[in-house]
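Keep in mind that what you see is a predicted model, and the values were worked out from it rather than measured. Each chain gets a letter, A, B and so on, in the order its sequence line appears, and its residues count up from 1.
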Amino acid sequence: MKRFLRIFVILLLFLSISLAQKLPYSTTINVLVWDDAHTKAVATLIPEFEKTTGIKVNFIALPTRSVLEKAAIGISLEKTDYDLVAVDEPFVPQFGDLLFSYNLWPEGKVFRKVSLNEIAEGAVKAAYWGGVARGLPINGNIYVFIYRKDLVEDPKNKEEFKKKYGYELKAPENFTQLRDFVEFFTNPPKMYGFGPFTVKAEGVTCEAIFMFSSFGTDVLKVSGDKVSLVLNKDKAVKAMDYYKELLKYAPPGKLSFGHSERIQAFNTGQIAIMFQWPALIPNHIDPKQSLVADKIGYILPPAGPERRAPVTGCWILGIPKAAKNKQAAAEFAYWWASKENAKKLVDAGMNPVRKEVLADPEIQAKRPWFAINLEAFKYGVSRPRFKAYARISEIIQVYWTKGISGEMTSKEAIDAMYNEILRVLREEGYAK
Amino acid sequence: MKRKIIKKFFFFLALIILMIEFIPIYILLSTSFKDNMTIWTSTSPFQPFKPTLEQYLGVFKETPFTKNILNSFYIASMTTVISIVGGSMASYALACLPIKRKKEIATGIILTRMIPQISLAIPIYLVMRSLKILDTYTSLILAHSTFGLPYVVWVLIPFFRSIPKELEEAALIDGCSRIQLFQKVFVPLASPGILVAATFTFLGSWNDFIYTLVLSNVKTTTAPMLVTTFWGMYAPEVGKMCAAGLLIIIPIFLVTFVLQKYIIMGLTAGGIKG
Amino acid sequence: MQNKLDFTDRSGGGISRHLFDNVIFLGPTLIFLFAILIYPLIYSLYVSFHDWKLVSTVPPKLIGFTNYINALKDPLFWNALRIQVTFILIAIPLELIIGLLVALLFQVEFFGNRIMRTLLLIPFFVLPSLSGLMWRFMLQPRYGLIGNIYYLLNMEPVDWLSNPRLTFLAVILQDIWRTWPFMFITLYAALSNFPKELKESAEIDGANKIQVFLKIILPLLTPAIVVACFLRLIDALRIFSEVYVMTEGGPGHATTFLSIYIYKNAFRFFNIGYANSMGYMLTIIALLISFYALSKIYKEELS
């Protein structure tokens with residue numbers, strides 16, 4: 001009889017409870033970051049940070065694509081839902097004007113402000129937009145190639161390879177050797193040479209830029225507010241044709257290869273060589289999920305006909321201009337990037353961005369790819385950096401995929417890519 | 001004799017249809033009991049394997065699944081309560097009280113249910129943000145009620161309408177107030193309808209994707225959102241995806257079995273006389 | 001006394017008392033819907049008339065109908081619309097046919113009829129997002145179901161999700177798998193309500209099964225079919241989560257449904273003015289269809 005009223009009262013009670021939970025604390029910072037082994041490592045040590053500083057950290061780790069979405073809707077010049085936010089390198093120009101420039105970041109009270117000189121150069125470059133560092137580079141991702149060391153060292157393979165190609169089998173130095181290498185190890189249905197990245201995502205843009213740059217052409221030239229399309233179609237077609245050649249030696253499903261598929265295929269021993277982001281390498285050396293955990297070698301990306309072009313994929317930590325807790329946010333960033341912390345974080349699975357940590361022999365013994373990671377930064381290539389990047393990236397993904405899948409010829413695909421980019425540049429007011 | 005053969009034939013036909021229909025569910029079930037290596041080296045989903053609880057343990061230990069499924073449960077329950085309380089009162093009014101432009105109001109409320117969520121997600125985000133309740137249970141409960149409430153109205157109007165007028169009049173003569181009348185007479189009589197409406201409101205909230213995607217962060221994320229992060233991210237966690245996925249649809253299975261009689265009514269929302 | 005007054009209200013007097021009841025019963029819902037639904041909708045209309053970018057230092061600028069005009073000129077908008085319509089025209093009739101045939105099959109009282117009927121309901125209640133993920137998993141050419149089938153047939157596995165046509169087909173199959181049981185159960189319910197004598201008398205008259213079906217059952221079933229198709233149509237217009245997790249709209253733009261395209265413009269390209277204008281057009285399409293359907297199908301309930 002009174003059931004209804006009772007339900008109503010309970011409802012009101014619950015509502016008020018859930019409303020009351022959301023009162024903001026002045027000592028809490030909201031930190032928005034991507035979710036992977038790196039940030040998981042950081043999360044484990046946050047209680048320590050909270051104890052030393054009294055700053056409570058609301059650490060929001062989300063899948064990469066969601067980070068961008070949340071940042072986009074949550075941050076404006078007047079308002080921000082986050083005090084510290086991770087921004088992926090190609091989106092730095094877009095968010096740049098909303099972020100507090102790094103040289104204005106306050107000194108830390110507990111942790112020392114990190115000098116950008118202490119950080120790998122390629123990663124520092126990622127933080128700059130319009131001549132100003134927009135934040136603190138925190139994650140030094142750059143193309144590193146991983147390959148099956150055990151197969152290369154196998155004397156039988158060495159002998160056969162020499163007979164077939166006329167030179168010693170070793171980890172490939174350049175694109176010619178890479179092609180021979182992937183062809184040599186392809187032996188369907190168990191074994192394939194190459195692990196591509198083809199599922200529609202930023203990874204495809206990276207592969208395209210890797211190939212274009214290796215063959216000597218950029219997509220866009222950005223200087224100040226001026227953006228011009230500089231894609232050399234002939235070189236781009238050659239680059240695409242070369243990638244198609246590599247794809248011949250990739251496993252079934254090669255045209256929908258994303259991170260999951262690549263990790264799975266490599267770990268089950270089906271792939272001889274592929275690129276990998278250093279942050280993801282821990283997935284390959286975990287014996288619980290990898291049959292090849294102790295059989296992996298690390299090299300720089302093989303050099304293309306024109307240059308060696310490891311693509312960078314760094315994250316920076318930015319403080320939105322509208323943030324109320326700038327001091328506390330900066331403190332947290334300094335702690336994250338501090339030297340004292342680095343070793344603990346590395347043990348927990350973090351990929352560091354500090355030069356001295358990457359170069360530390362003791363750490364390198366445990367994490368052999370750190371040396372390559374640091375070396376790769378000397379050649380780093382970044383994706384086109386300007387405000388309408390997302391639309392350009394989408395076009396590159398669509399037509400690169402159409403080209404390599406054979407839905408269009410390489411020439412058609414590159415022509416279409418060129419025209420579409422031009423159309424968007426016009427729409428966005430960069431070209432006439 | 002002939003009839004018997006036909007029946008047998010139909011039985012097998014139905015069985016085959018059922019088996020085909022259940023292949024994905026079987027794969028979901030079996031994969032959730034395999035370890036990663038077994039999944040990745042599988043040559044047939046029907047080959048025998050050694051069952052393991054590894055994926056389930058992983059889901060509970062390494063991911064915030066417990067918290068997220070509790071979130072789901074809390075949000076769906078509260079959405080249901082709000083929708084049922086508000087919706088049943090409104091549909092009672094629209095069915096039984098003398099209101100001008102009843103038909104237009106009812107149509108208007110029901111129409112709001114037809115708006116694609118993608119069109120509402122962005123403005124609702126902006127509204128929640130200005131109320132400063134992003135990433136709270138309240139925001140998700142309110143957002144989910146936008147489809148729950150109109151749905152309840154839609155289902156319940158015919159139920160209230162079918163209650164004889166004489167009952168109402170008799171109760172009023174006996175000295176009941178409107179609210180008492182509603183509680184004592186109408187709610188009990190419409191209880192099958194309320195049950196249906198509650199079930200489907202709960203399921204709608206339980207299954208929601210877009211609003212959770214836009215409105216929630218870590219704290220209020222629901223179990224279905226968590227499941228989608230097991231794949232497409234960095235580690236291929238198909239096993240965990242299946243384990244968590246199965247745990248999420250188990251409540252739905254239970255509901256289907258217990259309430260199957262009412263489900264048809266709910267699906268067509270009173271459009272077909274049951 | 002008061003109650004008596006209340007009673008006489010029914011025949012016309014005492015406006016204020018009515019008003020009180022109406023406000024108590026209807027008020028909360030209307031206020032709620034206005035605040036959380038109508039207001040956002042109006043706000044969205046306001047946004048759609050602006051050049052409004054997320055992540056921007058430039059304030060939104062009023063540009064009238066430019067977003068709408070741009071959408072109508074945008075080949076990708078039309079592409080999304082075409083995909084949506086093609087999807088609806090292929091998926092819903094197939095679901096209807098399968099559902100109808102199985103519903104007819106289940107009219108015969110064979111062994112296990114009841115339990116199988118219940119089990120067939122289950123797929124419809126699987127979350128769309130989980131269904132999308134499962135299909136993506138099954139379509140994995142190397143360790144998914146489809147890969148296994150190709151290996152069994154000794155063929156090189158085909159990668160469905162990298163082929164535009166096959167991906168579109170996969171999305172349709174996924175949808176059919178999940179929703180034909182809905183058609184089935186609605187039509188089964190309608191069929192079960194027909195009086196038995198109807199069929200029997202027709203059979204006695206010497207009509208064969210097909211004639212009985214076409215002349216008697218089908219016309220009687222039409223209202224149920226219309227309702228079921230309408231409900232599916234509304235759902236099909238907002239298809240999002242299953243595609244989002246299954247293909248993300250790819251490969252190319254092969255499965256970029258309207259919702260996906262709107263989402264992309266809002267959260268990938270941050271152009272929420274533009275996204276809202278397309279969202280509004282989608283809303284209008286959905287509302288027009290619904291309004292028409294409501295006034296035809298549900299007029300009895302609403303009058």
Side-chain angles (χ1 to χ4, degrees), chain B residues 7 10-11 13-14 17-18 21 24 27-28 40 42-45 86 89-90 92-93 97-99 103 106-107 110-112 114-120 122-124 127 142 146 149 157-158 172 175 178 207 209-210 224 227-228 231 238 241 245 249 252-253 256 260 264 267-268 270-272, chain C residues 3 6-7 18 21-22 25-26 28-29 32-33 36-37 40 43-44 102 105 108 110-111 116 118-119 121-123 125-127 129-130 133-134 137-138 143 145 148 151 185-186 189-190 224 227 234 237-238 240-241 245 259 262-263 266 272 279 282-283 286-287 290 294 297-298 301-303:
Chain B
K7 273 193 179 181
F10 274 28
F11 165 73
L13 200 59
I17 293 170
L18 189 70
E21 188 65 10
I27 292 178
L28 181 76
W40 291 345
S42 140
T43 49
S44 152
M89 283 164 69
Y92 166 73
L97 295 183
I99 294 175
K103 191 184 164 194
T107 314
I110 294 167
L111 274 180
T112 58
M114 312 300 177
I115 301 170
Q117 281 122 333
I118 190 75
S119 319
L120 280 171
I122 304 163
I124 285 188
V127 170
L142 292 178
T146 58
L149 205 51
I157 287 183
L172 283 173
R178 271 283 172 206
N207 287 0
F209 187 81
I210 295 186
V227 174
T228 62
W231 198 350
V238 181
M241 175 187 102
I249 53 177
I252 305 175
F253 283 17
T256 317
Q260 51 165 313
I264 300 150
L267 285 176
T268 51
I272 296 170
Chain C
N3 289 322
D6 193 35
F7 175 54
H18 277 317
D21 283 340
N22 293 350
F25 280 97
L26 199 51
T29 297
F32 177 87
L33 285 180
I36 307 295
L37 218 145
Y43 190 66
S44 154
V102 179
L105 171 72
V108 177
F110 50 78
F111 172 75
M116 286 202 245
T118 313
L119 286 173
L121 268 177
I122 287 177
F125 292 102
V126 172
L127 299 83
S129 54
L130 182 63
L133 285 169
M134 278 312 293
F137 169 43
M138 292 195 297
Y143 53 100
L145 177 69
N148 297 152
Y151 279 124
I185 211 72
T186 4
V227 169
I234 291 300
L237 273 176
R238 49 176 143 191
F240 178 79
S241 62
V245 298
S259 293
I262 292 168
Y263 179 83
I272 58 166
L282 180 60
T283 303
L287 287 183
S290 310
L294 280 179
I297 308 169
Y298 293 92
E301 273 78 25
L302 295 173
S303 61

So, do B/K7 and C/V108 sit near enough that their side-chain heavy atoms are less than 4.5 Å apart?
yes
[X] portion near chain B, given a 4.5 angstrom heavy-atom threshold:
X: C/L287; answer: both
X: C/S129; answer: side chain
X: C/M138; answer: side chain
X: C/V126; answer: both

On a heavy-atom basis, which atom in [X] and which in [Y] lie closest, and how many Å separate them?
X: C/A286; Y: B/M114; result: CB-O, 3.6 Å
X: C/L37; Y: B/L120; result: O-CD2, 4.0 Å
X: B/S119; Y: C/T283; result: OG-OG1, 3.0 Å
X: B/V127; Y: C/P40; result: CG2-CG, 4.0 Å

Contact class of [X] relative to chain C, heavy atoms under 4.5 angstrom:
X: B/V227; answer: both
X: B/L149; answer: side chain
X: B/I124; answer: both
X: B/L111; answer: both

Considering residues at least two apart in sequence or located in another chain, which fulfil the ring pair (Phe, Tyr, Trp, His ring centres under 6.0 Å) criterion with C/Y151?
none
Between the CD1 atom in B/I17 and the CG atom in C/L105, the distance rounded to the nearest 0.5 Å is 5.5 Å
Heavy-atom pairs under 4.5 Å with chain C are the metric here; pick the option from B/I249, B/I210, B/N207 that has the most.
B/N207
Chain C contacts, top residue of B/G86, B/P224, B/P24, B/G245 (heavy-atom pairs, under 4.5 Å):
B/P24
Is the ring pair C/F110/B/F10 parallel, tilted or perpendicular, if the boundaries are 30 and 60 degrees?
perpendicular
Pairs of heavy atoms under 4.5 Å with chain B: top-ranked of C/Y43, C/F111, C/F137
C/F137
